[in-house]
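Right, one structure below, let's go through it.
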Amino acid sequence: MSDKYQALPAPTPETQHFWDGAKEGELKLQRCTSCSHTYFPPRPFCPECASRDVEVYSASGKATLYSYVINHRAPKGWDAPYSIAVVELEEGPRMMTNVIGIAQTPEALELDMALEVSFEQVSDDIFLPKFKPSAGGAS
Amino acid sequence: MKPGSVAIVGAAETTELGRIPDLSEIGLHADAALNAMKDMGIGPKDIDGIATAGTSPTNLAHYLGITPTWADGTAVGGCSFMLHVRHAAAAINEGLCETVLITHGESGKSRVGKSGFGRSDGSLQGQFEAPFGPMGPPTMFTIPVLRYMKDRGLTHEQLANVSVVQREWAAMHPRATFRDPITIDDVLNSRMIAYPFRILQCCLVTDGGGALIMTSAERAKDFPTKPVYIIGTGESVETPMISQMADFTSSRAFRVSGKKAFDEAGISHSDVDHLMIYDAFAHLPIYGLEDLGFCEPGEAGQFIMERNTAPGGKLPMNTNGGGLSYMHSGMYGMYALQESVRQMRGTSPAQVEGAKISVSHGVGGMFGASGTIIMSNERP
């Protein structure tokens, strides 16, 4: 693709399911079948109770804007200003992302606003989970 | 550790600070080490324990001609040197070595002989943070702050004021990089780096180094320098991913490390005469004041605004000007420790009169790790 994504994720056996899901437009999380804890980033055991009995499932893709910065010094291939954000997924875990489809200003990017996942293809196999304002408005 | 059982007997920074294009990183380590050894009148053959980050203990031992019986290469970022002090105290008390040299050297600005920070695209950070366009710590370490501001009511003016007050301290230090006074308006009108952070709220990028030498309190009497006793120590780590920090308004590593150090020293907050909180960015002193227990959650911004940490205030903090004004080579923790030692020796250009207890608190990575060292010029 472009030279925008010089830092492309290199999936490992423990994270492959996440990137396979992203390619299919699904946001994959893991859940412990012993204690029901949902967690991210991926690992083959529960970080809450250490059980190895965990399952992968598809998250709703709904999230709220937890915190962010607006970067004004663009790396090669990026157009500043743009947000680097952490969203809180409806299922609980938080993840880093970019908020897209909205003005990249403090006025537009309101904390706790409703967002939904939108995958962006950045290579043959990698689709990054980005987030845009929720179509339904407030969650 | 037993409070006061170990002391810092040698301390020095590199001969120059700021821009040092004629020394490589290992050269900066050595320059600081030679200055610290000279400070107390010993040589490399007298050192039997070494600890360092940014280079390996092996590189350091070879370069300086040291044959150690104890070596520590703990590298958890800028607070690594606080952890080294803690580990060295334990090692000395355990009899693993007698005289420990701790060094830091970093060519942050000139980048001569710079050790690389490797990035792995397969690491969790490489997969789940790096692809979203971060440009180093100014765009990552800063991410929790908008959440803190909303939940705790911190204002942009209060955040800007952190830099203003620290500049007042820097003005007293001949070696500080930036010494001219600044106002809140200056900060809020300076160049935007990553909203809400402007350039005057981000640390400097400079070259330099520092070294500490430690030994038992008993042996400390054999040296000409005034001993600075270690009375409390703490450390912890949380996460290598800022996005996975459990609470965006408080650092778990800060809380754990700070409590451990205060419990060990057996002191209360009102006993503290001088405080250093690692300030790579303007929000760190705010998190530090609260997580160490000097302020209630949400009160630190106003606490600084009311000049409690400023010259003349009841809790002098970051009296060298901090990473925001004094210097910041990348791993600043060594300079916080150096200023604490100067204050305990009574030799700081911004000396706090009569100071007996100093707390030096560091961060590693981006809220990833923490180390806390409590020093005193009186043996408990």
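Everything numeric in this text was worked out from a predicted model, so none of it was measured. Each chain gets a letter, A, B and so on, in the order its sequence line appears, and its residues count up from 1.
Of the atoms belonging to A:Pro42, heavy atoms from both backbone and side chain fall under 4.5 Å from chain B. Both the backbone and the side chain of A:Pro129 have a heavy atom closer than 4.5 Å to some heavy atom of chain B. With a threshold of 4.5 angstrom between heavy atoms, A:Ile126 does not approach chain B through any atom at all. When heavy atoms are compared at a cutoff of 4.5 Å, B:Met140 approaches chain A solely by way of its side chain, counted from C-beta outward. If you measure heavy-atom distances from B:Pro144 to chain A, the contacts under 4.5 Å come from the backbone alone.
Judged as a salt bridge (Lys or Arg N to Asp or Glu O under 4.0 Å), and not counting sequence neighbours, A:Asp53 has no contacts. Applying the side-chain hydrogen bond (donor to acceptor under 3.5 Å, both in side chains) rule to A:Thr38 yields the partners A:Tyr57; only residues at least two apart in sequence or on another chain are considered.
At a threshold of 4.5 Å between non-hydrogen side-chain atoms, the residues B:Gln244 and A:Pro93 do not count as touching. A heavy-atom distance below 4.5 Å is found between the side chains of A:Met96 and B:Ile143. Looking only at side-chain heavy atoms (C-beta outward), A:Phe18 and B:Gln127 stay at 4.5 Å or farther from each other. Contact of the B:Met241 side chain with the A:Pro41 side chain is registered, since non-hydrogen atoms from C-beta on lie closer than 4.5 Å. A:Val69 places none of its side-chain heavy atoms less than 4.5 Å from the side chain of B:Tyr195. Residues B:Arg147 and A:Leu111 meet the side-chain proximity criterion, which asks for heavy atoms closer than 4.5 Å. Using a 4.5 Å heavy-atom cutoff, the side chains of B:Phe248 and A:Arg94 are in contact.
Few gaps surround NZ on A:Lys130; more than 12 heavy atoms of other groups in view lie less than 6.0 Å from it. With a 6.0 Å radius and a threshold of 12 heavy atoms from other residues, nucleotides or ligands, A:Arg43 has its CZ atom above the threshold. More than 12 heavy atoms of other residues, nucleotides or ligands sit less than 6.0 Å from atom CD of B:Glu157.
For the pair A:Asn98 (side chain) and B:Phe132 (backbone), a donor-acceptor distance under 3.5 Å is present.
Rounded to the nearest 0.5 angstrom, B:Leu124 CG and A:Thr15 OG1 are separated by 7.5 Å. In this structure, A:Tyr66 OH and B:Lys150 NZ are separated by 11.0 Å, a value rounded to the nearest 0.5 Å. A distance of 8.0 Å separates CD1 of A:Ile70 from CG of B:Leu146, quoted to the nearest 0.5 Å. One finds the CZ atom of A:Arg73 at 5.0 Å from the CD1 atom of B:Ile193 (value rounded to the nearest 0.5 Å). Atom CG in A:Asn71 sits 5.5 Å away from atom OG1 in B:Thr139 (nearest 0.5 Å).
A:Trp19 and B:Phe128 have parallel rings, their planes meeting at less than 30° on a 0 to 90° scale where 60° marks the start of perpendicular.
Note on B:Pro134, B:Gly122, B:Pro196, B:Pro138: by heavy-atom pairs under 4.5 Å with chain A, the leading option is B:Gly122. For chain B, the option among A:Leu128, A:Thr12, A:Thr97 with the highest count of heavy-atom pairs below 4.5 Å is A:Thr97.
For residues 26-37 of chain A, heavy-atom neighbours of chain B at less than 4.5 Å comprise no residues at all.
Within the structure, the ring pair (Phe, Tyr, Trp, His ring centres under 6.0 Å) test picks out the following pairs touching residues 80-125 of chain A (sequence neighbours left out): A:Trp78-A:Tyr82.
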